Amino acid sequence: MDANQGGPAADVQVTGIAVPVPRPGETWAVGAVVLDADGRAFAQRRSPGRRLLPDCWDLVGGHVEPGETLLAALAREVEEETGRRLRTVRRLIGVSTWEGDDGQGLRHEADFVVDVDGDLARPRLEPGKHTAYGWFGPEDLERLKENRAPGETLVHDVIAAALDLRG
C-alpha cells in the first residue's frame, strides 16, 4: 500500500480497510472527512471564482495526480488544504462516480473518515481556493446544499454517512 512509498503518506495508518486502486485511464478524486471531539465534520467553502462548484461547501480533498495512489493523494490534499498531517484512515465511506460541469469528464471519488494531526480549532484554508470553513453536525447538514443544484448532494451525503446518518 501507499505507506511504502514515502512522502506524506509514509506513516499513515490504515485501519483494516481496502483502499481502491484506480485502473489506467480513470480519473479519480479523494475526500477526507475529519471529525472533531463533538462528532462534527469539517467542510470548507470553495471560492466564488472557482470553475467547478463555486461558492459551495466541499470536503477536504481533490484530484489524484498521475502515478499517485489514493492514499498519497489523500495525505497531500489534507496537508495542502488544511496544513494538517494525515495520521489515520479509519473508514472508507464509499466510492461514487460523478461528472462536473468543467468538461473534465467522469470522475471516481473515494471518500474516507480520517484522523489528522494539528489544531482542529485553527484550520488553515488554502489561499485562493477556500473562503470559509465550518463544523457540521446532524442539525447543520442542510447548509451543505447551499449553492448546489437540486439533486447535487454528494458532500451532504458523504458527511451524513460519516456521521452515520444514512437514510
Side-chain angles (χ1 to χ4, degrees), residues 1-46 53 56-98 106-126 129-130 133-141 143-145 153-167:
M1 236 182 249
D2 305 310
N4 298 325
Q5 288 189 348
D11 56 354
V12 172
Q13 295 179 20
V14 179
T15 57
I17 62 168
V19 177
V21 177
R23 293 184 179 135
E26 291 180 334
T27 301
W28 278 77
V30 291
V33 178
V34 178
L35 302 176
D36 68 7
D38 296 323
R40 297 174 302 166
F42 180 83
Q44 50 197 1
R45 187 180 286 279
R46 294 171 65 86
L53 305 171
C56 291
W57 290 104
D58 202 4
L59 305 173
V60 172
H63 287 92
V64 178
E65 301 295 334
E68 191 175 43
T69 64
L70 297 188
L71 190 57
L74 192 66
R76 176 182 52 77
E77 290 289 350
V78 166
E79 189 169 321
E80 286 176 1
E81 293 188 2
T82 69
R84 299 177 185 132
R85 191 179 132 280
L86 180 62
R87 180 182 52 214
T88 306
V89 178
R90 296 234 168 255
R91 172 164 69 103
L92 173 64
I93 298 168
V95 175
S96 56
T97 304
W98 56 277
L106 192 66
R107 296 168 175 88
H108 305 277
E109 180 171 330
D111 296 305
F112 302 90
V113 174
V114 303
D115 294 330
V116 297
D117 289 330
D119 186 353
L120 294 181
R122 297 175 215 209
R124 185 199 78 193
L125 298 177
E126 190 172 10
K129 291 192 175 184
H130 301 99
Y133 71 89
W135 291 96
F136 294 82
E139 65 282 357
D140 306 307
L141 290 179
R143 286 183 44 222
L144 294 167
K145 296 178 182 178
T153 62
L154 178 64
V155 172
H156 170 279
D157 296 348
V158 167
I159 288 180
L163 299 175
D164 291 321
L165 301 171
R166 294 170 237 210

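Index from 1, following the sequence. All values reported here derive from a predicted model rather than from experimental measurement.
- The CG atom of Leu141 sits 9.5 Å away from atom CG of Asp157, with the distance rounded to the nearest 0.5 Å.
- Note: Arg91 CZ to Asp111 CG = 11.0 Å, rounded to the nearest 0.5 Å.
- Counting only distance, with no hydrogens or angles, the side chain of Arg46 and the backbone of Leu53 share a donor-acceptor pair below 3.5 Å.
- Proximity of Ile93 to Val113: side-chain heavy atoms (C-beta onward) are separated by under 4.5 Å at one or more points.
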With side-chain contact (heavy atoms from CB on, under 4.5 Å) as the criterion, how do Cys56 and Val155 come out once you've worked through the C-alpha distance, each side chain's angles and the decisive distance to 0.1 Å? CA-CA 10 Å; Cys56 291; Val155 172; over 6 Å; no

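- Screening Glu68, Glu81, Glu126 against Arg76 for a salt bridge (Lys or Arg N to Asp or Glu O under 4.0 Å) leaves a single residue, Glu68.
- Note that CG of Leu59 is 11.5 Å distant from CD of Glu77, once rounded to the nearest 0.5 Å.
- Note that CD of Glu80 and NZ of Lys129 are 6.5 Å apart. Values are rounded to the nearest 0.5 Å.
- Atom OG1 of Thr97 is separated from atom CH2 of Trp28 by 7.5 Å, given to the nearest 0.5 angstrom.
- By the 4.5 Å heavy-atom criterion applied to side chains, Leu106 and Thr27 are not counted as neighbours.
- Residues Leu144 and His156 approach most closely at CD1-CA, 4.0 Å, considering heavy atoms.
- The distance from atom CG of Leu120 to atom OH of Tyr133, rounded to the nearest 0.5 Å, is 10.5 Å.
- Of all non-hydrogen atoms in Leu70 and Pro22, the two that sit nearest each other are CD2-CG, 3.8 Å.
- Looking at Arg124, its side chain does come within 3.5 Å of a backbone N or O of Glu79 through a donor-acceptor pair.
- Side chain of Thr15 to backbone of Arg90: a donor-acceptor contact under 3.5 angstrom is found.
- Between Ile159 and Trp57 the shortest side-chain heavy-atom distance does not fall below 4.5 Å.
- Here the side chain of Asp36 pairs a donor or acceptor atom with the backbone of Asp38 at under 3.5 angstrom.
- Heavy atoms only, all atoms of each residue included: Arg87 and Val116 are closest at NH2-O, 3.7 Å.
- For the side-chain contact (heavy atoms from CB on, under 4.5 Å) criterion with Phe112, the lone passing option out of Val14, Thr88, Leu92 is Leu92.
- Contact between Ala162 and Val33 at its shortest, heavy atoms only, is CB-CG1, 3.6 Å.
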For the pair Val64 and Val30, evaluate side-chain contact (heavy atoms from CB on, under 4.5 Å) and give the outcome as yes or no after the intermediate values. CA-CA 7 Å; Val64 178; Val30 291; 3.9 Å; yes

